[in-house]
Amino acid sequence: MPSEFGPGEAAGDLRVSVAPVLELQFGLFLLRKHCIDPEKWVPEWVRDVHREQPGLVGRLETFWVAPGLDELEGQPYRECGELLVAGYRSGTVFANSVSSFVDALDPTFAAAPGVPALPSEPPGVVDLITRRVALLGRDARLRESLVNLVRELFAVIEPYWQKFGQSDAERSARDIAARARAGADLRLLLPGNSFVHKDAYQAHIAAARERNELVVVPLGLAGGGQFYWAFPGLVIVGVGVESADREARRKERAEMTAARMKVLSDPTRVGILMELVRPSHHAATVTELASQFGLSQPTVSVHLKILREAGLARPERDGNQVRYASDEATVRSFVEAALDDSLGADTR
């Protein structure tokens, strides 16, 4: 296997390893992601670096613009695949020290190592990485500039790694390894990593596990982020330590959406709500609604109770009677909340 493993946990046929180099790699991805999509979720440390080091982040964002190697099919390529290739070739992907990885970049690129098979990547990505690696092999100044940039960026990221990233990753690695020893399915071990659940990747990941080539990498700085990279003899599945939390929040949002949709799933109940929302309509009693819809009063009371508990109908006391009303703004807010829960991105 071309890579040297650092401290990790062996769990039968599964290797779980903390990897500072891959933390750096994913950190660079997140910094570029925030440049391109500033409204999308990123861990708070990424926003801190953007605020405190705009010039340095700007250099990362524009590094490949001048050579014309910053886009893939008209879209920005956010990852730094050329760095992973160099780490794979130099055997430093799992080095204990990021400095060892950075120090190996210049001689590795200068040796024009070529790009190995990358079964995890589409042809367009492989082509772009190949052209970047080739250019770095020819251009010593470009290599020097890239190495200096990576070194400076890690100097900024390292305090976050030391403060919480490393300890979080190590704690997650111990937890995953302990559960893996109990024979848990990888899909149960890593619920927040979509790659292990997709048909397109499952067979390859399972085969790598059988060959003892699979490494699971908990990412302390990635939040709920994830990645999947495959090289000859090495398949890496990275999972952010907050992935399980994000999955739990996704399920919570799904349950809230389902509950809201259930309120509006009965056509009779929706008909009653439409009647209560009519601009010309005065608040109605249970008796009036029962007569209008040809229902028993207890049945109408059940529908009104559900609408009232959902905040869609409000009771109004009129002497000895209770009348019910609603309004368009309330219904719109209810439906929009359901859409936000089901379609909105996780912002935490």
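Note that the numbering runs from 1 along the sequence shown for the chain. Bear in mind that the values here come from a model prediction, so they are computed numbers and not experimental data. The analysis underlying the following values was restricted to heavy atoms, covering all of them including side chains, and did not include hydrogens, waters or symmetry mates.
Nearest heavy atom pair, residue S167 against residue K163, reads OG-O, 4.5 Å. Contact detail for P119 and A230: the closest heavy-atom pair is CD-O, 3.3 Å. The two residues R143 and G137 make their nearest non-hydrogen contact at NH1-O, 3.2 Å. Summarising the geometry of C35 relative to V57, their closest heavy-atom pair is SG-CG1, 3.4 Å, with the distance given to 0.1 Å. Smallest separation of non-hydrogen atoms from P232 and A117: CD-O, 3.2 Å. Shortest non-hydrogen contact noted between G220 and D168 is CA-CB, 4.4 Å.
Between the side chain of S90 and the backbone N or O of A86, at least one donor-acceptor pair lies under 3.5 Å. At least one donor-acceptor pair closer than 3.5 Å links the side chain of T285 to the backbone N or O of E288. In terms of modelled atom types and a separation under 3.5 Å, the side chain of S97 and the main chain of S99 share a donor-acceptor contact. Checking side-chain atoms of S265 against main-chain N and O of K262 turns up a donor-acceptor pair under 3.5 Å. T92 contributes no side-chain N or O that, together with a main-chain N or O of F101, makes up a donor-acceptor pair within less than 3.5 Å. Between the side chain of S172 and the main chain of A169, no donor-acceptor pair closer than 3.5 Å is present. With hydrogens and angles disregarded, no donor-acceptor distance shorter than 3.5 Å links the side chain of R15 to the backbone of L214. Counting only distance, with no hydrogens or angles, the side chain of K33 and the backbone of W41 share a donor-acceptor pair below 3.5 Å. Within the 3.5 Å criterion, the main-chain N or O of T287 finds no donor-acceptor partner in the side chain of S291.
Other residues, nucleotides and ligands contribute more than 12 heavy atoms inside 6.0 Å of the CD atom of E52. Within 6.0 Å of atom CZ in R332, 12 or fewer heavy atoms from other residues, nucleotides or ligands are found, so the atom counts as exposed in its surroundings. Within 6.0 Å of CD on E39 lie no more than 12 heavy atoms contributed by other residues, nucleotides or ligands. The number of heavy atoms from other shown groups lying within 6.0 Å of CE (M274) does not exceed 12.
The shortest side-chain heavy-atom distance between P315 and R308 falls under the 4.5 Å cut-off. R89 has its side chain within reach of P116: a pair of non-hydrogen atoms, C-beta onward, lies under 4.5 Å apart. Inter-residue side-chain proximity for V216 and L189 is flagged as unmet; no heavy-atom pair is nearer than 4.5 Å. For the pair V302 and K305, the minimum side-chain heavy-atom distance is 4.5 Å or more. Side-chain contact between V322 and Y324: present, with at least one pair of heavy atoms (C-beta onward) separated by less than 4.5 Å. Counting heavy atoms from C-beta outward, L22 and F227 have side chains that approach closer than 4.5 Å. Residues L219 and V241 fail the side-chain proximity criterion, which asks for heavy atoms closer than 4.5 Å. A 4.5 Å side-chain heavy-atom check between P218 and I176 finds at least one atom pair inside the cut-off.
For the pair R260 and F334, the cation sits on the ring face: its NZ or CZ lies under 6.0 Å from the ring centre, inside 45° of the axis.
The salt bridge (charged side-chain N to carboxylate O under 4.0 Å, His left out) check on E71 picks up nothing, with sequence neighbours excluded.
Of the charged side-chain nitrogens involved, none lies within less than 4.0 Å of a carboxylate oxygen, so that R132 and E79 do not count as a salt-bridged pair. A salt bridge does not link R278 with D327: none of the charged nitrogens is closer than 4.0 Å to a carboxylate oxygen. Of the charged side-chain nitrogens involved, at least one lies within less than 4.0 Å of a carboxylate oxygen, so that R179 and D175 count as a salt-bridged pair. Between R131 and D127, at least one side-chain nitrogen of the basic residue sits less than 4.0 Å from a carboxylate oxygen of the acidic one, meeting the salt-bridge criterion.
Rounded to the nearest 0.5 Å, atoms CG (L221) and CD (Q25) are 13.0 Å apart. Atom CD1 of I157 is separated from atom CD of E23 by 9.5 Å, given to the nearest 0.5 angstrom. Note: E144 CD to R141 CZ = 8.5 Å, rounded to the nearest 0.5 Å. For the atom pair CZ of F195 and CG of L186, the computed distance is 13.0 Å after rounding to the nearest 0.5 Å. Note that the CZ atom of R269 and the CG atom of L264 stand 8.0 Å from one another [nearest 0.5 Å]. The structure places CG of L69 at 11.5 Å from CD1 of I129, a figure rounded to the nearest 0.5 Å.
Cluster annotation: L136 is not connected to V65 through the hydrophobic network of ILVMFWY side chains, with a link wherever side-chain heavy atoms come within less than 4.5 Å. If you chain together hydrophobic residues whose side chains sit under 4.5 Å apart, M261 and V263 never meet in one group. Linking Ile, Leu, Val, Met, Phe, Trp and Tyr whenever their side-chain heavy atoms come within less than 4.5 Å leaves I36 and V49 in two separate clusters. In terms of hydrophobic clustering, with Ile, Leu, Val, Met, Phe, Trp and Tyr side chains grouped at heavy-atom distances under 4.5 Å, L312 and M256 are assigned to different clusters.
Each ring-ring contact (aromatic ring centres under 6.0 Å, His included) pair with one or both residues in residues 43-80, not counting sequence neighbours, appears once here: H34-H50, W45-Y160.
Among L149, V156, N148, V150, the one residue that satisfies the side-chain contact (heavy atoms from CB on, under 4.5 Å) test with E152 is N148. A side-chain contact (heavy atoms from CB on, under 4.5 Å) with V196 is found for one member of I205, D185, L188 and no other, namely I205.
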Apply the test salt bridge (Lys or Arg N to Asp or Glu O under 4.0 Å) to residues D37 and R78: give CA-CA distance (whole Å), side-chain angles for both, the deciding distance (0.1 Å), then the verdict. CA-CA 11 Å; D37 297 312; R78 302 172 182 177; 2.3 Å; yes
Test side chain to side chain contact (heavy atoms under 4.5 Å, CB included) on L190 and V237 and set out the steps. CA-CA 10 Å; L190 309 175; V237 173; 4.0 Å; yes
Please determine whether side chain to side chain contact (heavy atoms under 4.5 Å, CB included) holds for the pair L146 and L83, giving the CA-CA distance in whole Å, both sets of side-chain angles, and the decisive distance to 0.1 Å. CA-CA 10 Å; L146 178 61; L83 297 181; 4.0 Å; yes
Does R314 form a salt bridge (Lys or Arg N to Asp or Glu O under 4.0 Å) with E316? I'd like the steps, not just the answer. CA-CA 7 Å; R314 60 183 181 274; E316 300 176 351; 3.4 Å; yes
Applying side chain to side chain contact (heavy atoms under 4.5 Å, CB included), run through L234 and F94 and close with a yes or a no. CA-CA 11 Å; L234 174 65; F94 292 95; 4.2 Å; yes
Working note: I272 + F293, criterion side chain to side chain contact (heavy atoms under 4.5 Å, CB included); need CA distance, chi angles, decisive distance, verdict. CA-CA 8 Å; I272 292 173; F293 286 89; 3.9 Å; yes
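In this model, no donor atom of one side chain and acceptor atom of the other lie less than 3.5 Å apart for T330 and S333. With hydrogens and angles left out, the side-chain atoms of R187 and H197 include no donor and acceptor closer than 3.5 Å. Counted by atom type alone, Y228 and H204 present one or more donor-acceptor pairs between their side chains at under 3.5 Å. In the model, E170 has a side-chain atom that pairs as donor or acceptor with a side-chain atom of Q166 under 3.5 Å.
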